[in-house]
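The sequence lines fix the lettering, A, B, ..., with proteins before strands; numbering per chain opens at 1. Computed from a predicted structure; not experimentally measured.
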Protein chains: 2
Amino acid sequence: MNARTKKHRTSPPPLTGKVARVKTAAKVGFDPRDGLIRYIEHPERITDGSVVEYDDKFVVIKDKFPKASVHLLLLPRDPALYTQHSLIALSTDPTFLSNVRTRIAHLKTLVASELRRQYGANSASDAPYQTALEDLMSRPNPPPPSARTALLPPGRDWEAEIIAGVHTHPSMNHLHIHILSREMHSPWVKHKKHYLSFHTSFMVHMDEFPLEEGSKRFKPGDWPSWDMECWRCGANYKNKFKKLCEHLSEEFEQWKKE
Amino acid sequence: MNARTKKHRTSPPPLTGKVARVKTAAKVGFDPRDGLIRYIEHPERITDGSVVEYDDKFVVIKDKFPKASVHLLLLPRDPALYTQHSLIALSTDPTFLSNVRTRIAHLKTLVASELRRQYGANSASDAPYQTALEDLMSRPNPPPPSARTALLPPGRDWEAEIIAGVHTHPSMNHLHIHILSREMHSPWVKHKKHYLSFHTSFMVHMDEFPLEEGSKRFKPGDWPSWDMECWRCGANYKNKFKKLCEHLSEEFEQWKKE
DNA sequence: TATTCCGATAGTGAC
DNA sequence: GTCACTATCGGAATGAG
């Protein structure tokens, strides 16, 4: 500091660091990262429609801040599981991995039918299915839903649009597996990390498990600094999140029409 | 990029860089950093009150975005001077340095009287002057302004509140010397660099010239990353500009009362 | 990597 | 370091019964 500019040097810094904050006893210890526990412990108490299904082993919920047209979370209810790190549990517990795979297979059909509901009418490759379904339902005695699939052409492969897996470093404290459509068209995709966390190796997909011990996937390094690349065309948007979003909107329009 | 997520790889990046912008011929080539030239070339045409004084060698203007209660710029009119880098010209041209010092001495009295006009009434150390002046002016035959100084006590040393000098890397292209009060209380102090540029060694004061050849002052390095320290009490605000501003407001209140 | 708010940092374009 | 605008990056606090 320049002596010339110093006339008074009184009591040192007023920058005392954190301002002392009065907290009520109730507030101490609150952690928003524990937010999933209420779904795990008492799914029956959730009445806002966010619980899709549950049994003694798992709860399935809609993500509160969906990053795509459909975005579910699969939550194991056993504390011995949900306190573990996802990558460890899915790489070292074959029974758990097997159970999760079974559930994911089931959830994919659920998500696929939801995608068909949302976008089937405007999808070129789903037209055969849509036409055949319309045909089927206009008969005098339409078959029940369970019998329809066998009677219809496959149409668009909606399951190919779904990704399922876990984040290398989850922010929410309870083990959760993401199941979502890959288009990332959502108002909740608000920044770079939202996108990167689903479309880079930071996302470990279900078919990559079990990871081998010491796999590099456990240590992604400085992933928030990675470039953003369009999941559909591969274009590199570097760190230009707004530009990526505009592009994703365009890709979304094309994607729906496929 | 993950192959799983890539269905289509079409034409590369839509990130085409700069958008082509239509410019009128008149606009092409204008550089806002050349904004001082109009004061230098035609001070007589400036009718907004921003020209304080001028002659054949210099123009004195009020800074358009004053960073303190008073903020003037001294501009040499000779192209052989105003095209030079301030540090070089003031370190290698003794005649110029001498002329500038003379002008600065004069301007300091001007700025000091302006500070007295703004803050004299509330200044403790200026009270003897203010009282004596009131006394003098209430006589039957008050003396003219030119005669008053000799008849009055000195009061506050307002010139000690003034800094004069140049920035190591000026943004405006024409050589200019800053003369301003050091309190930095102004709505135009909007970011870190505004503050640092006047209260670190990035500012070379008039009494530091001539710099010796090869002086480190020519290369301040990464000065925008330097900590901000209160010019008055020395408190270190690191990179907390907003906090510094709040503090400077408090210091300003004390400073006025001195 | 939960969100949200705020603020610091960085790039650009401007006459 | 000219300003002004936008966007990116970075830390801190955080709800609900």
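- Taking CE from A:M206 and NE2 from A:H178, the interatomic distance works out to 12.5 Å, rounded to the nearest 0.5 Å.
- For DNA chain C, runs of at least 3 consecutive pairs of the Watson-Crick or G-U wobble type, with both hydrogen-bonding distances under 3.5 angstrom, map to C:2-14 with D:2-14.
- Here the side chain of B:K67 is nearest to one of C:dA14, C:dT4, D:dC3, namely D:dC3.
- Residues from residues 184-191 of chain A with heavy atoms under 4.0 angstrom of DNA chain C, sorted by number: A:W188, A:K190, A:H191.
- We find that CE of A:M228 is positioned 13 Å from P of D:dA7, with the value rounded to whole Å.
- Whole-Å rounding puts the A:E246 CD to D:dT6 P distance at 14 Å.
- For A:E44, the CD atom sits in a packed shell: over 12 heavy atoms of surrounding residues, nucleotides or ligands are nearer than 6.0 Å.
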Open item on the list: Run the side chain to side chain contact (heavy atoms under 4.5 Å, CB included) test on A:E183 and A:E161 for me, step by step, so that the C-alpha distance in whole Å, both residues' side-chain angles and the decisive distance to 0.1 Å come before the verdict.
Closed with: CA-CA 8 Å; A:E183 97 289 347; A:E161 309 296 345; over 6 Å; no
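- A:D227 has its CG atom 13 Å from the P atom of D:dT8, to the nearest Å.
- The minimum heavy-atom distance between A:S201 and A:R217, with the atom names listed, is O-NH2, 2.9 Å.
- Following rounding to the nearest Å, A:E41 (CD) and D:dA16 (C1') show an atom-to-atom distance of 16 Å.
- Among the nucleotides C:dT9, C:dT3, D:dT2, the one closest to any side-chain atom of B:K192 is C:dT9.
- Ring geometry for A:H199 against A:W231 counts as parallel: the plane angle stays under 30°, on a 0 to 90° scale with 60° as the upper cut.
- Set against D:dT14, C:dT4, D:dT2, the side chain of A:F30 has D:dT14 as its closest nucleotide.
- If you run side chain to side chain contact (heavy atoms under 4.5 Å, CB included) between A:L75 and each of A:I177, A:I40, A:I37, only A:I40 comes through.
- A:Q118 and A:E114 share a side-chain donor-acceptor pair at under 3.5 Å.
- For the pair A:L196 CG and D:dC9 P, the computed distance is 9 Å after rounding to whole Å.
- If you find the closest nucleotide of DNA chain C to A:R33 and to B:R33, the one lying nearer the 5' end belongs to A:R33.
- Heavy atoms only, all atoms of each residue included: B:R38 and B:I46 are closest at NH1-CD1, 3.2 Å.
- Residue A:H174 is classed as having no contact, given no heavy-atom separation below 4.0 Å to the nucleic acid.
- In terms of position on DNA chain D, the residue among B:F202 and A:K64 whose nearest nucleotide sits closer to the 5' end is B:F202.
- Phosphate contact (OP1/OP2 of C:dT9, side-chain N/O of B:N239, threshold under 4.0 Å): present.
- Distance from the side chain of B:K240 is smallest for C:dA8 among the nucleotides D:dT2, C:dA8, D:dA7.
- At a threshold of 4.0 angstrom between heavy atoms, the contacts of B:P32 include nucleobase atoms, whether or not backbone atoms are also involved.
- Between the CH2 atom of B:W226 and the P atom of C:dT9 there is a distance of 15 Å, given to the nearest Å.
- Residue B:H169 is classed as a base contact, given a heavy-atom separation below 4.0 Å to a base.
- Between B:Y39 and B:H176, the ring center distance fails the sub-6.0 Å criterion.
- Counting to the nearest Å, the P atom of C:dC6 and the CZ atom of B:F241 are 18 Å from each other.
- For A:K242, the listed nucleotide lying nearest its side chain is D:dT8; candidates were C:dT4, D:dT8, C:dA8.
- Taking atom OH of residue A:Y39 and atom P of nucleotide D:dG15, one finds them 16 Å apart after rounding to whole Å.
- Residues forming a salt bridge (charged side-chain N to carboxylate O under 4.0 Å, His left out) with A:D55 (at least two apart in sequence, or on another chain): A:R103.
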